[in-house]
Protein chains: 2
Amino acid sequence: MAKSASFHEQLIEKLRKLLRSRQFVPGAKFLTEREIAERFDTSRPTANKALSSLVSTGLLEFRHGAGTFVRGSVLDYDLQHLVSFTEKAKAAGKKPGTQVIALQKLSAAEAPAAAQALKAASSEPLFYLERIRLADAQPVIYERRHVTARFCAGMNKAYAKGSLYDFWTTKCGLTISGADESIRAVNASPAQASALGIKPNTACLLVIATGFLEGGVPLWYEETLYRSDAYEFRNQLGGVSGPKPAQGRMR
Amino acid sequence: MAKSASFHEQLIEKLRKLLRSRQFVPGAKFLTEREIAERFDTSRPTANKALSSLVSTGLLEFRHGAGTFVRGSVLDYDLQHLVSFTEKAKAAGKKPGTQVIALQKLSAAEAPAAAQALKAASSEPLFYLERIRLADAQPVIYERRHVTARFCAGMNKAYAKGSLYDFWTTKCGLTISGADESIRAVNASPAQASALGIKPNTACLLVIATGFLEGGVPLWYEETLYRSDAYEFRNQLGGVSGPKPAQGRMR
DNA sequence: ATTCCTAAATTGGCTTAGCCACTTGTCAAA
DNA sequence: TTTGACAAGTGGCTAAGCCAATTTAGGAAT
C-alpha cells in the first residue's frame, strides 16, 4: 500500500490538482462522476470514491441530481470561526469591543516588513490599521496590521470598527484562503503596555502573521500583541478528533 | 446532502464507533469489506468506500490480500515528529543537547497542579523531571515535568538524558495518543532566567501541557519554558495542505 | 516429527451494467 | 406569461464478476 499508491489514490491527487489548476471558483460545477470515469478511463464507483474523498475533506460538495460543486462558504466559515475575537469573547461570557486607534493609507516603502511579507513594490498603497480589541471594556489585544489596499479600496473607519473578515468577504468579494502565524513571546514596550493596560515589560504573546487570498496572494501582514493573562493559544497534538491548528481563546 | 447523510457517510460513522467500542489495538485485524457488506447489508464497493475513508484519515490500513488493519506506529511517528526537540535542533543545523537537572520520585500530594492534571490520588507516586534542552550548547528549553510513575517504573537518569518518547514507547511499551497544550507568555523568574541563560524578566513562551496514553489516561504534566529569541510556534490557518497542530521550531 | 512446497481460500482493487431518487431544463398548454 | 409535465442528466447504490496479492492448509520429502 505504501509502496505504490492504488489507482484511486492517484485519481484523488489528479482531481485535487485539476481543482487547483483550473481555478474553479467556489460554487462552480466540477466534473461529474461519469465525466471523470470517461476522462480517466475508470469505472463510476471508482470515480465516485475519489470524489467522495474530496467531498469529505471539504473541497467539493455532492448535490444529488445536480452534480458535484466546488465548496464555497464552509471553508470560509471555518476560518472566520478560527480567528474571530468577537466569537471568542462571547464564548467566555464577555462583551467584545473594538477601538480604532489609526487607519491610514501609506506606501509600502514606509513599512518594509509588511512590504516584504506582502510582496509589495515600494510604491504600492497599503492600509495601516491599528486597533485594540476589548473584552468587558478591558484591552486584550493590540493589533497592528497592513493590508494591500488594491483589494479593499473602500476601507474606512466604520468598517475598521467591525469584522475585517466580513468586510473583506462580503463587501470586497474576496476569498480568504488562510494565514501563516508565528507565535512568540515579547516584553511589552511602554507604548504597547499602555495600549493594553498592563505594566511595561510584561510578557505578552506576539503573533506575526501573513494572511492570504485564494491562489496564495498575500492580503494582510499583522503584528498582534495579546495579554497573556487574558488570552492563550490551545494546541492539541494527536487525539481522536483529527488535526487542527492552534486556536486562541480567552483564559 | 447536509440534511440527511448518505448511507455511506452513516456507515463511516458506524465503523468509526465500532473501531473505538471494541478497543481494537494497533495492528489488530479489522472487519473485511465482505464482512462489512454482509453485516451492514450493503454492497462491497460501498463498504470499501467507507473503509477507504477511514484509511485516508489514518485510522485503518489496507493490506491487499491480507485484510484491513488498525493503524499502529504511523500515528506514533507523527507525534514524535511533532514534539522532538532533537529533530528540530538538527533541522536548524544545530547540535542538540540535554542536561538533567533533577529526577526524583515524589507523591502526587507534593505537586498539586500535576496531581490534578494527572488525576492522581495524593499518595500516587510521580516522577519529577527537570531538564534543560540545548542547541549548540545554548539553553533553549527549560522543562519541568511530572510523570505517572506506575507507567514507567524503570525511569532513571540515563533514560532521562535521552528521548522520553523513545523510552516510553519502546522500553515501557506505552502507546501515546497525544497531548493538550496551552501556549502562554510569562516573564522569566531569576531562577528560570538563570537556567535559560537570559536576563531575569525576559518574556518567554510557557507551554503547560498534559500528555495522554491510548484510552485517554494521562501520562505526563509539563510546564515548559522556551526562550522566545530562539524558538517559536508556527501555526497555519486554512491553506491547501490540510489542518495540523501548531509546531514549535527553532527561529 | 519437522520443514518445505503447492494449491486453495481469502482479501483488497476494480470493473461492468443496471436501477432508483433527485434535480434541472425545455416544451406545450392554459 | 405562467405552470405543469416530461425528458435528460446526475449522484447513490447494487449485484456479480475478474484479477492480483497474501495467507493458510495439506501433502510430500527428509
Side-chain angles (χ1 to χ4, degrees), chain A residues 1-16 18-19 22 24-74, chain B residues 1-16 18-19 22 24-74:
Chain A
M1 70 97 218
K3 307 287 169 69
S4 57
S6 61
F7 177 76
H8 108 268
E9 283 170 331
Q10 293 175 35
L11 182 57
I12 291 171
E13 265 328 290
K14 284 176 186 168
L15 293 181
R16 205 190 295 265
L18 181 62
L19 192 54
R22 290 268 290 272
F24 285 99
V25 300
K29 198 176 192 313
F30 193 60
L31 304 187
T32 67
E33 69 183 41
R34 285 171 173 95
E35 283 173 337
I36 288 166
E38 180 170 340
R39 177 170 167 166
F40 295 94
D41 195 29
T42 188
S43 70
R44 268 220 293 139
T46 299
N48 182 279
K49 196 158 109 179
L51 283 174
S52 282
S53 176
L54 295 176
V55 165
S56 74
T57 64
L59 294 176
L60 295 176
E61 172 183 0
F62 274 141
R63 289 192 206 137
H64 187 171
T68 307
F69 295 80
V70 181
R71 266 205 198 264
S73 60
V74 171
Chain B
M1 70 105 218
K3 307 288 169 62
S4 56
S6 61
F7 177 77
H8 107 269
E9 283 171 331
Q10 294 174 37
L11 183 56
I12 291 172
E13 263 330 288
K14 284 177 185 167
L15 292 182
R16 204 189 296 265
L18 182 62
L19 191 54
R22 289 268 290 271
F24 285 99
V25 299
K29 196 173 192 312
F30 192 61
L31 305 187
T32 67
E33 71 183 41
R34 285 171 172 94
E35 283 172 337
I36 289 166
E38 180 169 339
R39 177 169 168 169
F40 294 94
D41 194 30
T42 188
S43 70
R44 271 220 291 138
T46 299
N48 183 276
K49 195 157 112 179
L51 283 173
S52 283
S53 176
L54 296 176
V55 166
S56 73
T57 63
L59 295 175
L60 296 176
E61 172 184 358
F62 274 142
R63 290 192 206 139
H64 187 172
T68 306
F69 295 81
V70 181
R71 269 210 196 260
S73 60
V74 172

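Atoms considered below: every heavy atom in the structure, side chains included; atoms not considered: hydrogens, waters and symmetry mates. In what follows, chains carry the letters A, B, and so on, assigned in the order in which the sequence lines appear, proteins first and then strands, with residues in each chain numbered from 1. Note that the structure is a prediction, hence the values are computed from the model and not measured.
When each of D/dC13, D/dT22, C/dC14 is scored by its nearest atom to the side-chain atoms of B/F7, the top-ranked nucleotide is D/dC13. The listed nucleotides are C/dC14, C/dC22, C/dT23; the one nearest the side chain of A/H64 is C/dC22. The side chain of B/E33 sits closest to C/dG12 out of C/dG12, D/dC13, D/dT10.
Rounding to whole angstrom units, CZ of residue B/R44 and P of C/dT16 are separated by 15 Å. Atom pair A/E35:CD and D/dG9:C1' shows a separation of 10 Å (rounding to whole Å applied). The separation between B/F69 atom CZ and D/dT22 atom P is 11 Å, rounded to whole Å. Put simply, CZ on A/F62 is 10 Å from C1' on D/dT10, counting in whole angstrom units. In this structure, B/L54 atom CG and C/dG12 atom P are separated by 13 Å, rounded to whole Å. One can place CD of B/E9 at 15 Å from P of D/dG11, the figure rounded to the nearest angstrom. For the pair A/D41 CG and C/dT15 C1', the interatomic distance rounds to 11 Å; values are reported in whole Å. We find that CD1 of B/I12 is positioned 12 Å from P of D/dG12, with the value rounded to whole Å.
Of all heavy-atom pairs between B/E33 and B/N48, the closest is OE1-ND2, 2.7 Å. The two residues B/L15 and B/A50 come nearest to each other via the heavy atoms CD1-CB, 4.0 Å.
One finds no side-chain N or O of B/T42 lying less than 4.0 angstrom from the OP1 or OP2 phosphate oxygen of D/dC13. Regarding contacts with the backbone of D/dT10, every side-chain N or O of A/T68 stays at 4.0 angstrom or more from both OP1 and OP2. A sub-4.0 Å separation between OP1 or OP2 of D/dT14 and a side-chain N or O of B/T46 is present.
Of the two residues near DNA chain D, A/G65 and A/N48, the one whose nearest nucleotide lies more 5' is A/G65. Comparing A/A66 and A/A47 against DNA chain C, the residue whose closest nucleotide sits nearer the 5' end is A/A47.
A 4.5 Å side-chain heavy-atom check between A/L60 and A/V70 finds at least one atom pair inside the cut-off.
Residue contacts shown for B/T32 are limited to sugar-phosphate atoms, with no base heavy atom under 4.0 Å away.
Within 6.0 Å of CD on B/E35 lie more than 12 heavy atoms contributed by other residues, nucleotides or ligands.
Side-chain to base pairing of A/R34 with D/dG9: no donor and acceptor N or O lie closer than 3.5 Å to each other.
For B/S43, the side-chain hydrogen bond (donor to acceptor under 3.5 Å, both in side chains) criterion is met by B/T46, not counting sequence neighbours.
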